[in-house]
Amino acid sequence: MWFLYQLAMAAGLGVAAPVLLARRGRHYLPTLPARLGRLPEARGTRPLWLHAASVGEAGVAATLARALPPDLDLVVTTVTPTGQAAAKKLFAPLTVGGRSVVVTYLPFDLGLLVGRFLDRYAPRALVLFESELWPLLLRDCHRRSVPVAVLNARISDRSYGRMKRAGRLYRRFLLDPLGRLGAQSPQDEERLLSLGAGSVRTSLTGNLKFDTPEPAPVADLEQALRDLAGDRPILIAGSTMPGEEPIVLDAFERLDREALLVLAPRHPERFDEVWREVEERSLPGIRRSRIAAAGDTAPRSASPPGIVLLDSLGELASIYRLASAALIGGTLVPTGGHNPIEAARFGVPVIVGPSMENFRRIARDLEAADGVTVAADGEALTEAWRRCLDDPAGAAEQGWRGMAVVDRNRGAVERSVELLSELVDLD
């Protein structure tokens with residue numbers, strides 16, 4: 001059976017690779033050497049392995065790591081290049097105090113590659129975040145007596161349906177090898193238990209994203225944005241997805257208010273595509289990379305930019321603090337949404353579209369506290385922006401209510417460390 005699984009995995013990679021390389025080769029090509037076994041040298045002894053698939057999970061992993069003993073060595077893996085860049089940046093300050101940190105990519109789920117990784121680093125335990133489960137990886141960890149915990153565990157509506165259909169197969173290959181499960185919300189805990197996770201292994205630890213610290217200011221960018229904005233308020237549309245930028249730009253053109261829009265696509269390989277959309281509309285704009293290259297706020301022109309394309313990595317979370325209102329991307333198109341906590345923590349008025357399935361509990365708490373505006377479409381987004389700009393005092397009150405929701409939900413780090421310490425020696 002495992003031979004057939006690996007054969008199917010290898011065949012799937014063989015079919016998918018040409019398509020991915022053709023469409024997103026520049027993005028994914030740098031990941032291949034490590035995922036195929038060319039790993040950095042091991043450092044330290046008996047490291048704890050933290051796997052964070054992408055940017056959001058890398059932030060969660062770093063939040064947990066700050067609460068662990070300062071001399072505990074770490075191996076951190078990601079899947080995406082953006083996650084890798086975020087992990088290297090977030091974990092660099094955590095190498096003080098004698099701790100070693102190796103950041104690399106997760107191997108493909110094939111026996112030879114997983115075995116090589118485990119041989120190289122000999123981790124004391126593996127910590128997975130949210131929903132990143134690979135059956136052969138879990139099998140090999142179990143065979144080598146490497147305990148596995150899943151923290152910040154969540155199960156989306158779509159995933160839950162697939163898992164229910166898989167029944168005993170899901171429980172046997174993806175749940176039984178786990179030592180501990182820490183669920184984000186009561187609904188996630190209930191779903192895990194209904195899928196067969198034993199009540200002894202599963203507990204409600206809360207969402208680690210509420211405990212992530214404020215990102216450090218990016219002083220040069222923040223000053224540049226203030227200079228570009230002048231007396232105008234700053235609107236941010238963060239982590240936008242395909243099909244969403246036209247909606248956002250249409251809404252901004254209808255606004256009929258003086259403002260600077262910072263547009264931040266989620267995926268870096270789409271930066272050029274989104275910039276072409278801005279240029280085709282003849283909107284005055286500038287790319288963040290152009291600001292950096294020019295060493296100034298903007299090229300000299302008769303009219304100030306109305307749009308800044310944030311074609312950079314790792315800066316969005318910091319500049320939310322400048323916003324008069326922030327749209328959370330991935331919510332105006334049916335992709336499940338992105339993390340609203342990044343903006344809400346600053347007391348910024350948060351706007352989301354109707355698609356928040358990936359953050360259902362957070363969205364529900366924000367709505368209950370009147371700490372978020374739900375815009376059903378682009379026209380509603382325009383109206384939401386107008387209200388924020390025309391009534392800044394009311395917008396500020398909504399922002400403070402959202403920030404209070406974030407503050408009330410902190411504490412997941414302590415509960416997660418306690419759960420992990422039941423599974424493995426952290427000293």
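Just so you know, these numbers use all the heavy atoms, side chains as well, and skip hydrogens, waters and symmetry mates. These numbers come from a predicted model, not from an experiment.
In this structure a side-chain-to-backbone donor-acceptor pair under 3.5 Å is missing from N152 to E130. Within the 3.5 Å criterion, the main-chain N or O of A396 finds no donor-acceptor partner in the side chain of R401. Distance alone, capped at 3.5 Å, is enough to place a donor-acceptor pair between the E244 side chain and the L332 backbone. The backbone N or O of T205 sits less than 3.5 Å from a side-chain atom of R415, completing a donor-acceptor pair. Of the possible donor and acceptor atoms, none in the side chain of R232 sits under 3.5 Å from a partner among the backbone N and O of L260. Listed for the H51 side chain is no donor-acceptor partner under 3.5 Å among the backbone atoms of L128. When atom types are taken as modelled, the side chain of D311 and the backbone of F271 share no donor-acceptor pair closer than 3.5 angstrom. Looking at H338, its side chain does come within 3.5 Å of a backbone N or O of G329 through a donor-acceptor pair. In terms of modelled atom types and a separation under 3.5 Å, the side chain of S416 and the main chain of A412 share a donor-acceptor contact. Remark: side-chain polar atoms of R46 are not paired, donor with acceptor, to backbone N or O of P123 under 3.5 angstrom.
Smallest separation of non-hydrogen atoms from S355 and G336: OG-N, 2.8 Å. Summarising the geometry of L423 relative to R180, their closest heavy-atom pair is CB-CG, 3.9 Å, with the distance given to 0.1 Å. Listed here is the closest heavy atom pair of D188 and S185: OD2-OG, 2.8 Å. Minimum interatomic distance between A65 and L94 (heavy atoms only, all atoms of both residues): CB-CD1, 3.7 Å. The two residues P284 and P304 have their closest heavy-atom pair at CB-O, 3.9 Å. Of all heavy-atom pairs between A61 and L50, the closest is O-CD1, 4.0 Å.
Environment of CH2 in W134: sparse, with no more than 12 heavy atoms of neighbouring residues, nucleotides or ligands closer than 6.0 Å. Within 6.0 Å of the CD atom in E214, the count of heavy atoms belonging to other residues, nucleotides or ligands exceeds 12.
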- Message: Evaluate F117 against T77 for side chain to side chain contact (heavy atoms under 4.5 Å, CB included), listing each step before the verdict.
- Response: CA-CA 11 Å; F117 189 98; T77 54; 3.6 Å; yes
- Query: For S54 and E57, what are the C-alpha separation, side-chain angles and deciding distance, and is it a side chain to side chain donor-acceptor pair (under 3.5 Å)?
  - Reply: CA-CA 6 Å; S54 192; E57 293 85 359; 4.8 Å; no
- Any chance you could lay out the side chain to side chain contact (heavy atoms under 4.5 Å, CB included) test for L181 and L175, step after step, and finish with the verdict? CA-CA 9 Å; L181 280 162; L175 289 180; 4.2 Å; yes
- Task: Starting from the C-alpha separation in whole Å, work towards a yes-or-no answer on side chain to side chain contact (heavy atoms under 4.5 Å, CB included) for I341 and I362.
- Result: CA-CA 8 Å; I341 298 171; I362 300 172; 3.6 Å; yes
- Task: Could you check S318 against E222 for side chain to side chain donor-acceptor pair (under 3.5 Å), going step by step and ending with a plain yes or no?
- Result: CA-CA 9 Å; S318 173; E222 292 185 18; 3.1 Å; yes
- Message: One pair to check against side chain to side chain contact (heavy atoms under 4.5 Å, CB included): L138 and L174. What are the steps and the verdict?
- Response: CA-CA 7 Å; L138 296 178; L174 296 178; 3.9 Å; yes
- Task: Please lay out, stage by stage, how T373 and Q398 fare under the test side chain to side chain donor-acceptor pair (under 3.5 Å).
- Result: CA-CA 9 Å; T373 297; Q398 184 182 64; 3.1 Å; yes
- Could you walk me through whether E357 and S156 pass the side chain to side chain donor-acceptor pair (under 3.5 Å) check? CA-CA 7 Å; E357 295 83 2; S156 67; over 6 Å; no
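Put simply, CG on N339 and CG on N358 are 10.5 Å apart, with the number rounded to the nearest 0.5 Å. From I307, atom CD1 reaches atom CG of L283 across 4.5 Å, with rounding to the nearest 0.5 Å. In this structure, the separation between OG on S239 and CD1 on I328 is 7.5 Å, given to the nearest 0.5 Å. Rounded to the nearest 0.5 Å, atoms CZ (F91) and CZ (R99) are 8.0 Å apart. Considering OG1 of T240 and CG of L327, their distance stands at 8.5 Å, rounded to 0.5 Å. Here the CG atom belonging to L313 is positioned 12.5 Å from the CD atom belonging to Q84, to the nearest 0.5 angstrom.
The salt bridge (charged side-chain N to carboxylate O under 4.0 Å, His left out) test with E245 is passed by exactly one of R281, R270, R266, R276: R270. Between L322 and the options L235, V348, L221, I234, a side-chain contact (heavy atoms from CB on, under 4.5 Å) holds for only I234.
Here the side chains of V102 and W49 are not in contact, with every heavy-atom distance at 4.5 Å or above. Looking at T31 and T78, their side chains never come closer than 4.5 Å, going by heavy atoms from C-beta outward. Using a 4.5 Å heavy-atom threshold, the side chains of L261 and V308 count as separate. Within the 4.5 Å cutoff, the side chain of E277 has heavy atoms near those of the P246 side chain. Looking at heavy atoms from C-beta onward, T331 lies out of side-chain contact with F359 at the 4.5 angstrom threshold. Within the 4.5 Å cutoff, the side chain of L137 has heavy atoms near those of the L126 side chain. Contact annotation: the side chain of N409 approaches that of D365 to within less than 4.5 Å [non-hydrogen atoms, C-beta and beyond]. Between P147 and R124 the shortest side-chain heavy-atom distance does not fall below 4.5 Å.
Between F173 and W2, the ring center distance clears the sub-6.0 Å criterion.
Ion pairing between R287 and D272 holds under the 4.0 Å rule for side-chain N and carboxylate O. Between R144 and D119, at least one side-chain nitrogen of the basic residue sits less than 4.0 Å from a carboxylate oxygen of the acidic one, meeting the salt-bridge criterion. Taking 4.0 Å as the cut-off between side-chain N and carboxylate O, R321 and E342 do not count as a salt-bridged pair.
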Show me the donor-acceptor pairs, under 3.5 Å and distance only, between side chains in residues 36-44 and residues at least two apart or in other chains.
from, atom 1, to, atom 2, distance (Å)
R43, NH2, V101, O, 2.6

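Cation-pi geometry between R191 and Y160 is met: the NZ or CZ atom falls under 6.0 Å from the ring centre, inside 45° of the normal. Geometrically, R410 does not engage F210 in a cation-pi contact, judged by NZ or CZ lying under 6.0 Å from the ring centre and within 45° of the ring axis.
Under the 3.5 Å distance criterion, with hydrogens and angles disregarded, no donor-acceptor pair is assigned to the side chains of T63 and D211.
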